[in-house]
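One structure is given below, encoded as C-alpha coordinates.
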Amino acid sequence: MSDISTASLYPRAAVAAIVICQNKVLFGQRRLQSEYFEWQLPGGWIHTGESPDKAARREVEEETGLQLGKLHLVAVTNNLFSAQNHSISLCFEAKCLDPKLLSTMEPGKCLGWYWKTWEEVNENLFLPLRKLKETDYQPLFKDKYEMQSSF
Ligand code: 8DG
Ligand code: MG
(Lines give C-alpha, C1' and ligand atoms only; values in the text may rest on other atoms or scores of the structure.)
(Ligands and ions follow the chains in the order given, each with its own letter.)
Protein backbone atom coordinates (compact mmCIF):
# COMPACT_ATOMS: atom_id res chain seq x y z
CA MET A 1 0.00 0.00 0.00
CA SER A 2 1.38 3.42 -0.87
CA ASP A 3 2.21 6.02 1.77
CA ILE A 4 -0.61 8.28 0.65
CA SER A 5 -3.40 5.71 0.95
CA THR A 6 -2.00 4.48 4.29
CA ALA A 7 -1.93 8.06 5.59
CA SER A 8 -5.56 8.52 4.63
CA LEU A 9 -6.67 5.30 6.38
CA TYR A 10 -4.92 5.82 9.71
CA PRO A 11 -3.85 8.85 11.73
CA ARG A 12 -0.13 9.57 11.80
CA ALA A 13 1.89 10.11 14.96
CA ALA A 14 3.58 13.47 15.39
CA VAL A 15 5.44 15.41 18.03
CA ALA A 16 5.37 19.07 19.01
CA ALA A 17 7.93 20.76 21.22
CA ILE A 18 7.20 23.55 23.68
CA VAL A 19 10.68 24.99 23.96
CA ILE A 20 11.16 27.25 26.96
CA CYS A 21 13.74 29.95 27.56
CA GLN A 22 13.39 32.48 30.38
CA ASN A 23 9.61 32.06 30.65
CA LYS A 24 9.11 32.45 26.90
CA VAL A 25 8.14 29.84 24.33
CA LEU A 26 9.55 29.36 20.83
CA PHE A 27 6.95 29.96 18.11
CA GLY A 28 7.58 29.71 14.38
CA GLN A 29 5.90 31.34 11.41
CA ARG A 30 4.89 28.32 9.32
CA ARG A 31 5.00 29.40 5.71
CA LEU A 32 1.77 29.21 3.71
CA GLN A 33 1.55 30.84 0.28
CA SER A 34 3.71 33.93 -0.37
CA GLU A 35 4.07 36.03 2.78
CA TYR A 36 1.24 34.36 4.73
CA PHE A 37 1.96 32.20 7.74
CA GLU A 38 0.45 30.37 10.71
CA TRP A 39 2.07 30.19 14.13
CA GLN A 40 3.41 26.74 14.94
CA LEU A 41 5.52 24.89 17.45
CA PRO A 42 8.54 23.02 16.13
CA GLY A 43 7.56 19.44 15.34
CA GLY A 44 6.69 16.88 12.74
CA TRP A 45 6.20 13.20 12.05
CA ILE A 46 7.72 10.47 14.18
CA HIS A 47 9.84 8.29 11.90
CA THR A 48 9.18 4.56 11.93
CA GLY A 49 11.42 2.96 14.55
CA GLU A 50 12.03 6.25 16.37
CA SER A 51 10.89 6.97 19.92
CA PRO A 52 8.68 10.05 20.44
CA ASP A 53 11.24 11.84 22.63
CA LYS A 54 14.00 11.29 20.05
CA ALA A 55 11.65 12.57 17.34
CA ALA A 56 10.99 15.74 19.35
CA ARG A 57 14.73 16.36 19.85
CA ARG A 58 15.44 15.67 16.17
CA GLU A 59 12.67 17.92 14.86
CA VAL A 60 13.76 20.78 17.13
CA GLU A 61 17.38 20.46 16.09
CA GLU A 62 16.53 20.16 12.37
CA GLU A 63 14.20 23.16 12.39
CA THR A 64 15.79 25.51 14.96
CA GLY A 65 19.34 24.31 15.69
CA LEU A 66 18.48 24.10 19.40
CA GLN A 67 19.25 21.34 21.89
CA LEU A 68 16.77 20.48 24.62
CA GLY A 69 17.07 19.55 28.28
CA LYS A 70 14.79 16.97 29.92
CA LEU A 71 11.53 16.39 28.03
CA HIS A 72 8.16 16.33 29.81
CA LEU A 73 5.11 14.89 28.03
CA VAL A 74 2.46 17.53 28.82
CA ALA A 75 -0.36 17.09 26.29
CA VAL A 76 -1.84 15.03 23.47
CA THR A 77 -3.85 16.62 20.69
CA ASN A 78 -6.08 15.10 18.04
CA ASN A 79 -5.65 16.99 14.77
CA LEU A 80 -8.16 16.44 11.97
CA PHE A 81 -6.74 18.56 9.15
CA SER A 82 -9.22 17.06 6.69
CA ALA A 83 -11.18 13.82 6.23
CA GLN A 84 -8.02 12.23 4.77
CA ASN A 85 -5.38 13.91 6.91
CA HIS A 86 -5.37 13.16 10.62
CA SER A 87 -2.54 13.25 13.17
CA ILE A 88 -2.12 12.69 16.88
CA SER A 89 0.54 14.95 18.42
CA LEU A 90 2.49 14.22 21.55
CA CYS A 91 3.48 17.58 23.02
CA PHE A 92 6.69 17.78 25.02
CA GLU A 93 7.83 20.70 27.13
CA ALA A 94 11.57 21.20 27.52
CA LYS A 95 14.06 23.91 28.33
CA CYS A 96 16.38 25.18 25.64
CA LEU A 97 20.00 24.52 26.59
CA ASP A 98 21.66 27.34 24.63
CA PRO A 99 19.44 29.98 22.96
CA LYS A 100 22.44 31.38 21.04
CA LEU A 101 22.18 28.35 18.74
CA LEU A 102 18.77 29.46 17.43
CA SER A 103 18.64 29.55 13.65
CA THR A 104 15.95 29.42 10.97
CA MET A 105 17.20 26.15 9.54
CA GLU A 106 14.41 25.62 6.96
CA PRO A 107 13.53 29.10 5.65
CA GLY A 108 11.44 27.58 2.86
CA LYS A 109 9.12 26.06 5.48
CA CYS A 110 9.35 28.54 8.35
CA LEU A 111 9.81 32.30 8.02
CA GLY A 112 11.41 32.63 11.46
CA TRP A 113 11.41 31.61 15.11
CA TYR A 114 10.50 34.00 17.92
CA TRP A 115 10.51 33.86 21.73
CA LYS A 116 7.11 34.96 22.98
CA THR A 117 4.96 34.54 26.06
CA TRP A 118 2.38 31.77 25.78
CA GLU A 119 -0.47 34.33 25.87
CA GLU A 120 1.01 36.54 23.16
CA VAL A 121 0.37 34.14 20.27
CA ASN A 122 -3.36 33.61 19.88
CA GLU A 123 -4.32 34.12 16.25
CA ASN A 124 -3.44 32.48 12.94
CA LEU A 125 -2.57 29.22 14.66
CA PHE A 126 -1.57 25.99 12.88
CA LEU A 127 -4.25 23.42 13.83
CA PRO A 128 -2.14 21.36 16.32
CA LEU A 129 -1.22 24.55 18.19
CA ARG A 130 -4.85 25.68 18.21
CA LYS A 131 -5.83 22.30 19.69
CA LEU A 132 -3.16 22.62 22.37
CA LYS A 133 -4.38 26.13 23.20
CA GLU A 134 -7.88 24.66 23.72
CA THR A 135 -6.57 22.65 26.69
CA ASP A 136 -5.71 23.99 30.14
CA TYR A 137 -2.03 23.57 29.42
CA GLN A 138 0.12 26.48 30.63
CA PRO A 139 3.87 26.48 30.27
CA LEU A 140 4.40 27.48 33.87
CA PHE A 141 7.66 25.64 34.28
CA LYS A 142 6.12 23.66 37.11
CA ASP A 143 7.87 20.90 38.97
CA LYS A 144 4.78 18.76 38.52
CA TYR A 145 3.28 18.24 35.10
CA GLU A 146 -0.37 17.53 34.62
CA MET A 147 -1.30 15.82 31.37
CA GLN A 148 -3.72 17.70 29.09
CA SER A 149 -5.59 16.50 26.03
CA SER A 150 -7.61 17.99 23.19
CA PHE A 151 -9.52 15.34 21.27
P1 8DG B 1 7.61 16.34 6.16
O2 8DG B 1 6.16 16.77 6.01
O3 8DG B 1 8.56 17.20 5.38
O4 8DG B 1 7.76 14.87 5.95
O5 8DG B 1 7.96 16.51 7.73
P6 8DG B 1 8.53 17.77 8.45
O7 8DG B 1 9.77 18.24 7.81
O8 8DG B 1 8.63 17.53 9.92
O9 8DG B 1 7.41 18.83 8.16
P10 8DG B 1 6.49 19.66 9.11
O11 8DG B 1 5.57 20.34 8.18
O12 8DG B 1 7.27 20.45 10.08
O13 8DG B 1 5.69 18.59 9.98
C14 8DG B 1 5.01 17.57 9.35
C15 8DG B 1 3.67 17.41 9.91
O16 8DG B 1 3.66 17.12 11.31
C17 8DG B 1 2.71 18.56 9.79
O18 8DG B 1 2.28 18.71 8.49
C19 8DG B 1 1.61 18.07 10.71
C20 8DG B 1 2.35 17.27 11.76
N21 8DG B 1 2.31 17.96 13.03
C22 8DG B 1 1.41 17.63 14.01
N23 8DG B 1 1.58 18.45 15.08
C24 8DG B 1 2.57 19.32 14.75
C25 8DG B 1 3.12 20.43 15.43
O26 8DG B 1 2.75 20.78 16.55
N27 8DG B 1 4.11 21.13 14.80
C28 8DG B 1 4.53 20.77 13.54
N29 8DG B 1 5.48 21.49 12.97
N30 8DG B 1 4.01 19.72 12.87
C31 8DG B 1 3.04 19.00 13.46
O32 8DG B 1 0.60 16.74 13.89
MG1 MG C 1 8.87 19.43 11.11
Side-chain angles (χ1 to χ4, degrees), residues 1-21 24-69 71-96 99 101-139 145-151:
M1 197 179 285
S2 78
D3 279 355
I4 288 166
S5 58
T6 306
S8 67
L9 274 178
Y10 306 108
R12 289 198 278 175
V15 289
I18 302 144
V19 183
I20 308 284
C21 182
K24 297 214 169 164
V25 173
L26 190 66
F27 292 97
Q29 295 183 338
R30 184 182 182 81
R31 192 187 270 275
L32 302 175
Q33 265 139 29
S34 68
E35 77 273 30
Y36 294 103
F37 68 85
E38 288 178 334
W39 290 106
Q40 68 169 351
L41 296 172
W45 307 122
I46 300 173
H47 294 173
T48 297
E50 187 177 47
S51 63
D53 59 319
K54 289 240 170 65
R57 289 184 190 282
R58 176 184 51 72
E59 285 286 346
V60 168
E61 190 171 2
E62 282 175 6
E63 296 178 355
T64 73
L66 295 175
Q67 303 280 337
L68 301 178
L71 296 176
H72 301 272
L73 181 62
V74 292
V76 176
T77 65
N78 184 45
N79 317 303
L80 196 57
F81 297 98
S82 70
Q84 307 287 310
N85 190 0
H86 179 189
S87 78
I88 310 280
S89 305
L90 305 183
C91 306
F92 291 94
E93 183 184 306
K95 290 195 175 127
C96 162
L101 295 177
L102 181 62
S103 164
T104 303
M105 306 280 281
E106 298 176 327
K109 290 182 170 183
C110 181
L111 297 170
W113 296 102
Y114 301 91
W115 297 107
K116 291 184 175 286
T117 64
W118 184 246
E119 294 74 28
E120 227 174 316
V121 176
N122 270 318
E123 288 181 343
N124 297 334
L125 305 181
F126 184 43
L127 176 68
L129 179 55
R130 180 155 64 75
K131 300 290 297 205
L132 178 59
K133 288 262 187 180
E134 285 169 7
T135 73
D136 288 335
Y137 169 73
Q138 285 289 330
Y145 291 85
E146 194 179 325
M147 187 71 165
Q148 302 291 330
S149 57
S150 179
F151 294 153

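Note that the structure is predicted; figures quoted are calculated from it, not measured. In listed order, ligands and their atoms are each counted from 1. These numbers come from the heavy atoms of this one structure, side chains and all, not from hydrogens, waters or symmetry mates.
Between atom SG of residue C91 and atom NZ of residue K131 there is a gap of 11.5 Å, rounded to the nearest 0.5 Å. Atom-to-atom distance recorded for K109:NZ and E63:CD is 7.0 Å, nearest 0.5 angstrom.
Scanning the protein for heavy atoms near atom 27 (N) of ligand 1, the closest one is L41 O, 3.0 Å. Summary of contacts: the protein heavy atom closest to atom 32 (O) of ligand 1 is S87 OG, 2.5 Å. In this structure, the protein non-hydrogen atom closest to atom 5 (O) of ligand 1 is W45 CD1, 3.8 Å. Atom 31 (C) of ligand 1 has its closest protein heavy atom at F126 CE2, 3.9 Å. Of the protein's non-hydrogen atoms, K109 NZ, 3.7 Å is the one closest to atom 6 (P) of ligand 1. Of the protein's non-hydrogen atoms, S89 OG, 2.8 Å is the one closest to atom 23 (N) of ligand 1.
Looking only at distances, a side-chain donor or acceptor of K133 sits under 3.5 Å from a matching main-chain atom of W118.
When all heavy atoms of G112 and T104 are compared, the closest pair comes out as CA-OG1, 3.6 Å.
Near the Mg ion (ligand 2), less than 2.8 Å away, sit the protein N, O or S atoms G43 O, E59 OE1, E63 OE2.
Taking the six-membered ring for Trp and the full ring otherwise, the centers of F27 and F126 sit at least 6.0 Å from each other.
With distances taken over non-hydrogen atoms, the option nearest atom 17 (C) of ligand 1 out of Q40, E38, R30 is R30. For the residues A16, A14, P42, the heavy atom positioned nearest atom 21 (N) of ligand 1 is part of A14. Scanning G44, P11, A55, G43 for the heavy atom closest to atom 12 (O) of ligand 1 points to G43.
At least one heavy atom of E63 sits under 4.0 Å from some atom of ligand 1.
Under the side chain to side chain contact (heavy atoms under 4.5 Å, CB included) criterion, Y36 pairs with L32, S34, not counting sequence neighbours.
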